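Below is one structure, written out as structure tokens, with a few remarks after it.
Everything quoted here is computed from the prediction, not taken from an experiment. In what follows, residues are counted from 1 in the order of the sequence shown.
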Amino acid sequence: MIMMSCCAVLPPSAAQDGGALIPLRATQRDVDRLAPGVLAETAEFFVDEAGLVMVGIRSTADGLTTSIEGPGGEILNEETIESYGGKYGTFEGADEPDSFLIMPASQPGFHYFYVFPSLGVGQYTVHFEATGLTEDEAVITEVITDSQVAANLVATESILTQGSAAVLVAFLFEGATPLTNATVSVAVKPPNSDEFQLALLDDGVGADDAIGDGLYSGMFTVTELGTYVALAEITGVNGSGTPFTRTAAAEVLVVEQGATFTTTPPSFTDTPEDDNDNGLYERVVITSEVEVVTAGTYGLTIVLKTTSGERILGHGTADLAVGTQSIDAAVEADVFRAIGEDGPYTITMAELVFVSAEGAVPSDLFEESMQGMQPMPQTLSYLISQFERPPILLTGNTSDIAVDTDQDGDFDVLSIAIEMDVLNAGDYEYTALLVDSCAGEIEFVVGQQFFTGGPEDLVFDFDGSLIGPRGIDGPYAVQDLLIFGTGGSLVESYVAVTQAYTADEFDSFLPPADCNENGVPDLCDIFDYTSLDCNLDGIPDECQLEDNDCNTNGIPDDCDIADGTSQDVNGNGIPDECELPAVCLGDSNCDETISWGDIDYLAASMNDNVIGWYTMFLPGAPACPFENNDVNEDGTVDWRDIDPLVTLMNTTCP
């Protein structure tokens, strides 16, 4: 079935964090029933402003006679639909379970489709009639348009445990503009009891997150195991004053609560673990007791919050038997170090899930909003310095200074200090690279240093006489740092950036090359992709075209040859297309005469075998076009070229 969506928006904050985009559709739906005594029925739809209308009719009965009456009395059926610029089709759907959430085209039954340009705003009446019915038959009619007024219905949690609150949210927009003052009525059908009505409101109260944002929300408690089906009818007036109706559906699966936290709020204990007994913690393990009803694999997710509000996630799984059990969630040391804040940390959320073959099913949840004004549980007061760390750390503190050692007014040394925190004293070797602001390599240094342990500077003295001649201003950067020794190692791609020195402050300064005279050094043009450098020689391609672009394609000839754009069979550095004479049909051996001597060469070129043809001329290939072999000029060299070749025998090339 054709999908026509006007827009997509993110779920509200009440929905699951990180939810996917919600597609909005201009959809209406009607359900009817035919019976032995009622063979004909109609479904009426009011269509607002739209460019395209699609009507889908699905029935358990085969052979329906269908038609559509437009707002101006137009009659669309199988015979007339094309005269209105539309299409009609019918097929039998796959044998799949029914669901309001599946488009009718994916459902079992017999399908009839109309797609046509809108006939204008107004009432559209869908007629359908059956013959010879012996039992009741259902008919579902759905109308989808490309109207800017579009909607959808979602459950913020698609799987819930028995006794939880289900939140439904209806999205209603005209283009990107929220539509307010609509009426959203939802019929909710529990698995085993009667349908009930639920009103969704956009009033910022209760389940609704904000007033007037086009998101209408409502909440109800799920008490039965199984699938709840919700069908929303949304009515209102669009921006131009035209009334509209939209329908949308959602489902909620309710499962048994397999395990629960033993207390409310849950009790937590946190334990630091030091795997190698070096006094530093590899992780913190947070443990909670749970009461298990259904044995199996469970997962625990813990959210910690720092003083500044940063969130830290911990995870863990365990196979739990029935009864009172404990389950752990661990947070690794590198997570704490990445956040960089000391504890204590507040436990703001704990979620327990049951891991089944069908995926993770919610089991119990504790979050900050459930605690009200009561204080939230906290961990011990850990210090970042207590957590395990790499043997060498960059502290982030760097400094630089340029030095004029010979007092001639030009800097001879650029000294850059990088502070590190070294865990183990010892001798270390290092390498690093100094690059300019256009990522050009200035100097690669190698050295060694003894570190006593703790914070200490690694100082690089770069040669100023290598900076000046490049002519490219700073700032300059230290990259690709490698430190290694018996006490550990460190590899870091980006280490330090200096002040904005200018190249003319350094010894041996030379103005940078600027072959295209655009005021930017050539190397920077290449780095910024302002210019291309196909042969990687540091010179922009546009500066190398004189006498080096015979085919005038704006690319140096050697690059054309290197990348296969041009052939250079004789290896003289000139693209073959620049050396070839005019095409001479039949001159397969390129001797400027069509004769019996061309037969073998033509045979070698059969099936467009360029390489096979070239090998006939070894050790040197001919300076002539391969098109000579396509004597009948049909674009392919084959046996059909032999007769035309014979016809041209004993002639010469012009």
Side-chain angles (χ1 to χ4, degrees), residues 433-444 466-473 477 479-480 503 508-585 587-592 601 604-630 635-637 653:
L433 179 67
L434 182 69
V435 300
D436 59 35
S437 56
C438 295
E441 296 184 7
I442 299 175
E443 184 178 5
F444 180 76
L466 299 178
I467 299 173
R470 294 183 64 82
I472 298 177
D473 296 338
Q479 297 181 357
D480 301 334
S508 305
F509 168 74
L510 291 174
D514 182 17
C515 71
N516 55 18
E517 299 181 350
N518 67 347
V520 179
D522 291 341
L523 293 177
C524 295
D525 275 336
I526 294 169
F527 175 70
D528 294 332
Y529 294 101
T530 303
S531 298
L532 298 178
D533 180 21
C534 62
N535 53 15
L536 304 179
D537 63 356
I539 302 174
D541 291 346
E542 67 265 26
C543 300
Q544 297 181 308
L545 297 180
E546 186 174 354
D547 299 325
N548 191 30
D549 185 20
C550 70
N551 55 15
T552 65
N553 67 347
I555 300 172
D557 291 339
D558 56 336
C559 294
D560 277 337
I561 294 169
D563 66 17
T565 301
S566 298
Q567 298 291 324
D568 181 23
V569 176
N570 57 14
N572 66 351
I574 301 174
D576 289 347
E577 68 266 25
C578 300
E579 297 185 299
L580 300 180
V583 172
C584 180
L585 298 177
D587 185 17
S588 295
N589 65 0
C590 303
D591 64 357
E592 299 184 357
Y601 292 88
S605 67
M606 290 288 183
N607 301 315
D608 298 314
N609 184 13
V610 179
I611 295 175
W613 177 68
Y614 279 152
T615 58
M616 294 288 292
F617 298 94
L618 293 176
C624 66
F626 180 75
E627 287 78 7
N628 286 4
N629 299 293
D630 184 16
T636 303
V637 180
C653 293

Beyond-backbone contact of [X] with [Y], side-chain heavy atoms, under 4.5 angstrom:
{"X": "Ile467", "Y": "Leu434", "answer": "yes"}
{"X": "Pro556", "Y": "Leu545", "answer": "yes"}
{"X": "Leu523", "Y": "Ile472", "answer": "yes"}
{"X": "Asn628", "Y": "Val583", "answer": "yes"}

For [X] against [Y], the heavy-atom pair lying closest together:
{"X": "Asp587", "Y": "Cys653", "answer": "OD2-SG, 3.5 Å"}
{"X": "Glu542", "Y": "Asn516", "answer": "OE2-ND2, 2.9 Å"}
{"X": "Glu441", "Y": "Arg470", "answer": "O-NH1, 3.3 Å"}
{"X": "Gly612", "Y": "Asn609", "answer": "N-OD1, 3.0 Å"}
{"X": "Asp558", "Y": "Asn548", "answer": "OD1-ND2, 3.8 Å"}
{"X": "Phe527", "Y": "Ala439", "answer": "CE1-CB, 3.1 Å"}

Would a distance-only check, ignoring hydrogens and angles, find a side-chain to backbone donor-acceptor pair under 3.5 Å from [X] to [Y]?
{"X": "Asp533", "Y": "Ile526", "value": "no"}
{"X": "Asp514", "Y": "Pro521", "value": "no"}
{"X": "Asp608", "Y": "Thr636", "value": "no"}

- Between the CG atom in Asn518 and the OG atom in Ser531, the distance rounded to the nearest 0.5 Å is 6.5 Å
- Report the residues that fulfil side chain to side chain donor-acceptor pair (under 3.5 Å) with Asp480, sequence neighbours left out, ordered by chain and then residue number. none
- Item | Listed partners of Thr565 passing side chain to side chain donor-acceptor pair (under 3.5 Å), at least two apart | Asp563
- Task: Could you please spell out the steps behind the side chain to side chain donor-acceptor pair (under 3.5 Å) verdict for Ser588 and Asn629?
- Result: CA-CA 5 Å; Ser588 295; Asn629 299 293; 2.9 Å; yes
- Asp560: partners by salt bridge (charged side-chain N to carboxylate O under 4.0 Å, His left out), with sequence neighbours left out: none
Set of residues satisfying side chain to side chain contact (heavy atoms under 4.5 Å, CB included) with respect to [X], sequence neighbours excluded:
{"X": "Val610", "result": "Tyr614, Phe626"}
{"X": "Pro575", "result": "Cys550, Asp557, Ile561, Ser566, Glu577, Cys578"}
{"X": "Leu532", "result": "Asp541"}

- Query: Are a donor atom and an acceptor atom from the side chains of Asn589 and Asp591 found within less than 3.5 Å of each other?
  - Reply: yes
- Between the side chains of Asp537 and Gln544, is a donor N or O closer than 3.5 angstrom to an acceptor N or O? yes
